[in-house]
Amino acid sequence: MTASVELSPVDLEILRQLQNDARITNKDLAAAVGIAPSTCLDRVNRLRETGVITGQHAAVDAAKLGRPLEAFLFVQVRPHRRPLVDAFVRHLLGLPEVRAVYHLTGPDDFLAHVAVASAGELQRLVLDELTARDEIARVHTNLVFQHWAGGPLLPPP
């Protein structure tokens, strides 16, 4: 497990601002947190170098890309062993419908968030890409009706 990084109140505010708008200019970010632009740039670079900031991402509306149906696929892999797990994760991440994959504890081994064009496409994905694999013991599907994003992620108080 990665060790946490000590963050100042200014660092936390920088993180809050960037998570709300990753396109904010350094000048505007510096003004928002009350420091000089050069200091702000140094702090942002340190947050990147220490791995606190891992990237910037564009949020995309899957429906506007022709994938209006989203689902969570709970998958059991048997036997649950490293070679099968690694190969299965690589397979999932190679599928264009897969938005995220999580390795879980409990009765299911994986959770895959997928976005597809239709119920028929979801059925094809489950039957042809998942249950057709020998190591897949079970797939349980839940449809997503609506999604809300949480606020900025900050360390516990």
Side-chain angles (χ1 to χ4, degrees), residues 1-2 4-5 7 10-34 37 40-41 43-77 85-133 135-157:
M1 186 162 253
T2 305
S4 62
V5 175
L7 302 171
V10 171
D11 293 330
L12 294 175
E13 187 55 28
I14 288 171
L15 290 174
R16 184 183 338 280
Q17 293 289 329
L18 287 174
Q19 287 180 82
N20 285 327
D21 180 7
R23 297 182 338 162
I24 189 171
T25 66
N26 183 62
K27 181 180 173 184
D28 291 342
L29 179 59
V33 300
C40 186
L41 186 58
R43 284 178 178 259
V44 170
N45 285 336
R46 185 179 60 79
L47 290 168
R48 285 187 179 117
E49 290 165 4
T50 58
V52 174
I53 295 175
T54 60
Q56 294 175 216
H57 309 277
V60 175
D61 184 331
K64 291 190 174 151
L65 295 178
R67 297 177 184 272
L69 184 63
E70 293 187 64
F72 289 108
L73 307 178
F74 295 87
V75 182
Q76 279 185 351
V77 175
V85 165
D86 291 345
F88 178 65
V89 170
R90 279 193 307 277
H91 175 72
L92 280 180
L93 293 175
L95 299 172
E97 300 88 353
V98 174
R99 302 195 71 187
V101 176
Y102 303 90
H103 195 186
L104 308 173
T105 63
D108 297 303
D109 300 312
F110 291 94
L111 170 64
H113 177 201
V114 300
V116 295
S118 66
E121 186 61 22
L122 180 59
Q123 180 183 30
R124 183 210 57 79
L125 178 68
V126 171
L127 293 176
D128 296 346
E129 298 294 346
L130 297 176
T131 59
R133 296 177 64 94
E135 73 271 24
I136 304 307
R138 182 175 71 87
V139 177
H140 175 88
T141 304
N142 285 39
L143 296 180
V144 175
F145 288 139
Q146 199 166 357
H147 169 263
W148 296 268
L153 180 64
L154 298 171

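This chain uses plain numbering: 1 for the first residue, then up along the sequence.
- The shortest distance between side-chain heavy atoms of F110 and L73 does not fall below 4.5 Å.
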Criterion salt bridge (Lys or Arg N to Asp or Glu O under 4.0 Å) on R46 and E49, from CA distance to verdict: CA-CA 5 Å; R46 185 179 60 79; E49 290 165 4; over 6 Å; no
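- Of the inter-residue distances, the one linking F74 atom CZ with L104 atom CG reads 7.5 Å to the nearest 0.5 angstrom.
- Looking at N142, its side chain never comes within 3.5 Å of a backbone N or O of F72 through a donor-acceptor pair.
- Nearest heavy atoms, L41 versus N26: N-OD1, 3.4 Å.
- Between I24 and D28, the closest heavy-atom pair is CG1-CB, 3.7 Å.
- Annotation for Q123: atom CD does not count as buried by contact number, only 12 or fewer foreign heavy atoms lying within 6.0 Å.
- Taking CD from E13 and CG from L7, the interatomic distance works out to 12.5 Å, rounded to the nearest 0.5 Å.
- Nearest heavy atoms, L130 versus I136: O-CG1, 3.1 Å.
- Side-chain contact check for Q17 versus V33: some heavy-atom pair is nearer than 4.5 Å.
- Taking all atoms of both residues into account, the shortest heavy-atom contact from R99 to V60 is NH2-O, 3.5 Å.
- The nearest pair of heavy atoms linking V116 to E97 is CG1-CG, 3.8 Å.
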Side chain to side chain contact (heavy atoms under 4.5 Å, CB included) evaluation trace for V10 with R43: CA-CA 9 Å; V10 171; R43 284 178 178 259; 3.8 Å; yes
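- The line from NE2 of H140 to CG of L111 is 10.5 Å long, rounded to the nearest 0.5 Å.
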Step-by-step side chain to side chain contact (heavy atoms under 4.5 Å, CB included) determination, L154 to Q19: CA-CA 10 Å; L154 298 171; Q19 287 180 82; 4.2 Å; yes
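- Partner V44 forms a side chain to side chain contact (heavy atoms under 4.5 Å, CB included) with one of L15, L29, D11 and no other, that one being L29.
- The side-chain contact (heavy atoms from CB on, under 4.5 Å) check on A31 picks up nothing, with sequence neighbours excluded.
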Test side chain to side chain contact (heavy atoms under 4.5 Å, CB included) applied to L143 and L122, step by step: CA-CA 10 Å; L143 296 180; L122 180 59; 3.7 Å; yes
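- A donor-acceptor pair under 3.5 Å links the side-chain atoms of Q76 to the main chain of P107, judged by distance alone.
- Put simply, CG on D109 and NE2 on H103 are 6.0 Å apart, with the number rounded to the nearest 0.5 Å.
- With H91 contributing its side chain and E129 its backbone, the two residues share a donor-acceptor pair below 3.5 Å.
- A pairwise comparison of heavy atoms in R16 and P152 identifies CG-CG, 3.9 Å as the closest pair.
- Of the residues listed (I14, V5, T54), the one engaging L47 in a side chain to side chain contact (heavy atoms under 4.5 Å, CB included) is I14, and it is the only one.
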